[in-house]
Structures are given as structure tokens and as C-alpha cells.
Amino acid sequence: MVRSMLFIPGNNPAMLQNADVFGADAVIIDLEDAVSIQEKDAARILVKAYLESIDHPPMKIYIRINGLDTTDYEKDLQSVVTDQIDGIVLPKAKVCDVERLLTLLYKIESETHMQKIIGIIPIVESAKSVLEIEKLAALSRIQGMLLGAEDLSADMELMRTITGTEIEYPRARMAFACKAYKIDAIDTPFTDTSDNLGLIADCQKAQNLGLNAKAAIHPNQLETIHDVFSPSLQRIEWAKRVLKAAKKADDQGLGVFSLDGKMIDKPIIERATKIMESAKRYRLLPVENA
Amino acid sequence: MLTGIAGTLESNDAMITVTPADKLTIEVKSVVDAFYHDQIVKVIKDTLFDSKIANISVMCQDKGALDYTIRARLLTAISRMEEQNG
């Protein structure tokens with residue numbers, strides 16, 4: 001699971017060479033919208049060369065390829081599908097598109113004798129994709145789903161608002177589907193990189209609906225995203241106390257017990273366990289607990 | 001005249017221009033020329049060798065690009081030059 005996915009323009013050497021120092025849980029190297037049509041060839045070659053140069057980077061690496069309705073996607077896949085990447089981010093994805101991509105990935109992986117099985121993150125950015133969210137989540141190799149609110153709003157002929165009311169439904173539907181299939185539910189980027197208070201509010205709305213991560217379009221958004229999508233120190237302390245009390249109750253043969261006057265049972269213990277797992281994953285615990 | 005150009009003059013990038021020639025010529029202008037001239041020339045020569053190209057004129061305007069960026073920009077420039085050639 002991740003908290004943040006940072007978009008990096010595929011034809012920008014300065015951003016690429018620093019991809020591992022921004023601190024994102026994952027990066028999405030973009031061959032689609034961030035690259036002009038005239039520079040698609042240069043971006044593909046640069047990203048391929050970058051991938052050949054890296055060795056065990058600290059973050060996951062995904063590539064956003066061009067859509068399957070273009071003439072670029074096959075060249076993208078031929079260039080970047082290697083053991084160095086974790087997955088492909090597929091724009092404007094519908095079930096039929098993911099199935100086509102799966103076929104292409106099987107073919108490339110087999111031809112190149114790859115060790116790794118490449119994952120897929122479909123971008124939900126059309127009304128039809130929203131209606132297919134559950135089917136998308138259930139497909140093979142799906143590691144998460146990314147909401148693309150700008151294109152989705154355009155498709156719905158809606159204006160984007162700071163409150164995000166227009167995307168509450170797809171956010172919630174995506175959160176349920178991703179939770180059901182244990183994959184990442186990744187929120188749409190917040191496009192105003194100078195409005196940190198707006199970013200905080202936007203992250204909190206997404207988190208309250210059940211999403212566990214957010215895409216970023218600038219490294220300066222990562223700290224806020226991590227703050228919101230990581231368990232707070234207060235929650236970690238609570239989880240530690242619950243698990244300690246649960247162990248004690250278990251030793252005494254008690255199924256249900258109370259802590260601070262509140263009943264603690266299996267669902268609460270499971271929630272505490274998940275908080276501690278997140279805290280460990282994101283290295284938020286002191287060394288003795290990590 | 002056939003020419004292939006790739007890259008930019010932004011920091012950490014390199015702009016590479018290639019033209020057909022009857023011998024190999026490599027010209028490098030770099031912001032870090034005093035320290036990395038030989039390394040840049042080596043990357044260019046290695047990339048040309050891997051691409052089985054012996055005779056070509058390469059002009060590299062480097063703005064602090066890493067090796068893989070220089071390699072990528074050179075390959076793109078060559079590809080663009082060859083596309084012009086049909």
C-alpha cells in the first residue's frame with residue numbers, strides 16, 4: 001500500500017534524476033499528458049535510459065503510458081516494461097482497455113523473459129469507468145485505482161469545485177471497491193500547488209471517504225499528503241495500548257474487555273493491528289517497535 | 001541538410017545535434033567541461049559504438065546532464081535524423 005504517488009514528467013531529466021529523493025511512496029513517470037506530441041519519442045528513450053540506470057530505488061515506479069486510443073501506447077510499453085517498474089498506469093481505463101493491456105503485458109513479459117509480473121493501475125476518469133469500478137478492481141494484476149477528477153468532471157460536464165462535491169460519489173465508490181479487493185484507492189491530485197490548506201482539506205475529504213492515498217503533481221505536496229494519510233502519533237499510541245491490553249485479556253482468557261471505559265472486541269483489535277502495520281510500513285515507530 | 005536534434009538547454013539536460021559525416025567528429029560544450037569533458041565524450045562514443053555508427057558529427061551542449069540523459073538525447077537525435085532520411 002502507498003500514501004503518495006508523485007507524477008514526474010517523462011521528458012524532464014532534472015525531475016527524473018531526483019525521483020528517489022522526493023520521498024514519495026511511489027512515482028508515476030508520465031509519458032502521457034506531461035509530454036508534448038513532438039517529444040513522445042524523446043521521453044520514451046529518456047525514461048528507458050533512466051530505468052536502465054537505477055538500482056533498487058526506495059520508491060515504487062509506475063509509468064503512465066499513452067491511452068490505448070493513441071498510436072503511442074505500444075511503443076511506450078515496448079520501451080518501459082522491464083523488471084525496474086512496478087506497474088503501468090492506464091489513462092481513461094475501461095474494463096476492455098485493461099483486458100487489452102493484460103494481453104500486451106503477457107506478450108512482452110514472455111518475450112523478454114521478465115522476472116517480475118507488472119501491475120496495473122487504471123485511471124478512473126470517465127462516467128463509464130465509474131460505472132465499471134467494481135469490475136476494474138476485480139481484474140487480474142490491478143494494484144490500485146486512481147481517480148482522475150479533471151477528465152471525469154469534463155466528461156460529466158461539471159465544474160471542479162474546491163469542496164469536491166462533484167467527486168464524492170466516485171471517490172466513495174472507488175474506496176469501497178478498493179477496500180473489498182485490498183488494493184490502493186488513490187485520490188485525484190490537488191491542482192493548486194500553492195494552496196496547502198486546500199490540499200489538507202482535500203486529503204481529509206478523501207481519507208474520510210476511505211481512500212488511502214493521493215496523487216501529487218509537485219514534491220511540495222508530499223509532506224501534507226503523508227501527514228494526512230499516515231496514522232497520527234495519537235492513533236499509534238492508542239493502537240499500542242489496545243494491543244497490549246488485548247494480549248493481557250487473551251492471557252486471562254477474556255474475549256471482550258474494556259479500555260478507558262470503552263468495550264474492546266475483535267473489530268477494534270483488528271483496527272489497532274492495521275494502524276500498527278501502517279505505522280511500521282511508513283517507519284513511524286521508534287526503532288524498538290519497528 | 002539532414003539534422004537530428006534532441007534535448008533542451010535546461011539544467012540537467014543536454015541538447016544534442018547530429019548530422020551525417022564522412023568521419024567521426026564530437027564537439028562538447030559543457031557547464032562542467034573542466035571536470036567531465038572526457039566522460040561526456042566517452043558516453044557519446046560508447047553510445048555510437050552500441051548503435052554501430054562510425055561516422056557522424058555530434059555536437060553536445062551539456063547543462064549538467066547525467067550519463068543516461070546524454071545517451072538518451074543522442075539516441076533520440078540519431079533516430080530523428082534517420083527518420084528524415086526515410
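By convention in this document, chain letters (A, B, ...) are assigned in the order of the sequence lines, proteins followed by strands, and residues within each chain are numbered from 1.
Contact check on A:Glu125 versus A:Arg64 returns no salt bridge, with no Lys/Arg side-chain nitrogen under 4.0 Å from an Asp/Glu carboxylate oxygen. Salt bridge A:Glu150/A:Arg160: present, at least one basic N to carboxylate O contact under 4.0 Å. Of the charged side-chain nitrogens involved, at least one lies within less than 4.0 Å of a carboxylate oxygen, so that A:Asp76 and A:Arg44 count as a salt-bridged pair.
Proximity to chain B (any heavy atom under 4.5 Å) is shown, for A:Asn12, by neither the backbone nor the side chain. For chain A, the nearby part of B:Ser11 is the backbone; its heavy atoms alone come within less than 4.5 Å.
Comparing A:Ala14, A:Ser53, A:Pro13 by how many heavy-atom pairs each has under 4.5 Å with chain B, the most go to A:Pro13.
Of all the heavy atoms in A:Ile225 and A:Arg3, the pair that sits closest is CG2-O, 3.4 Å.
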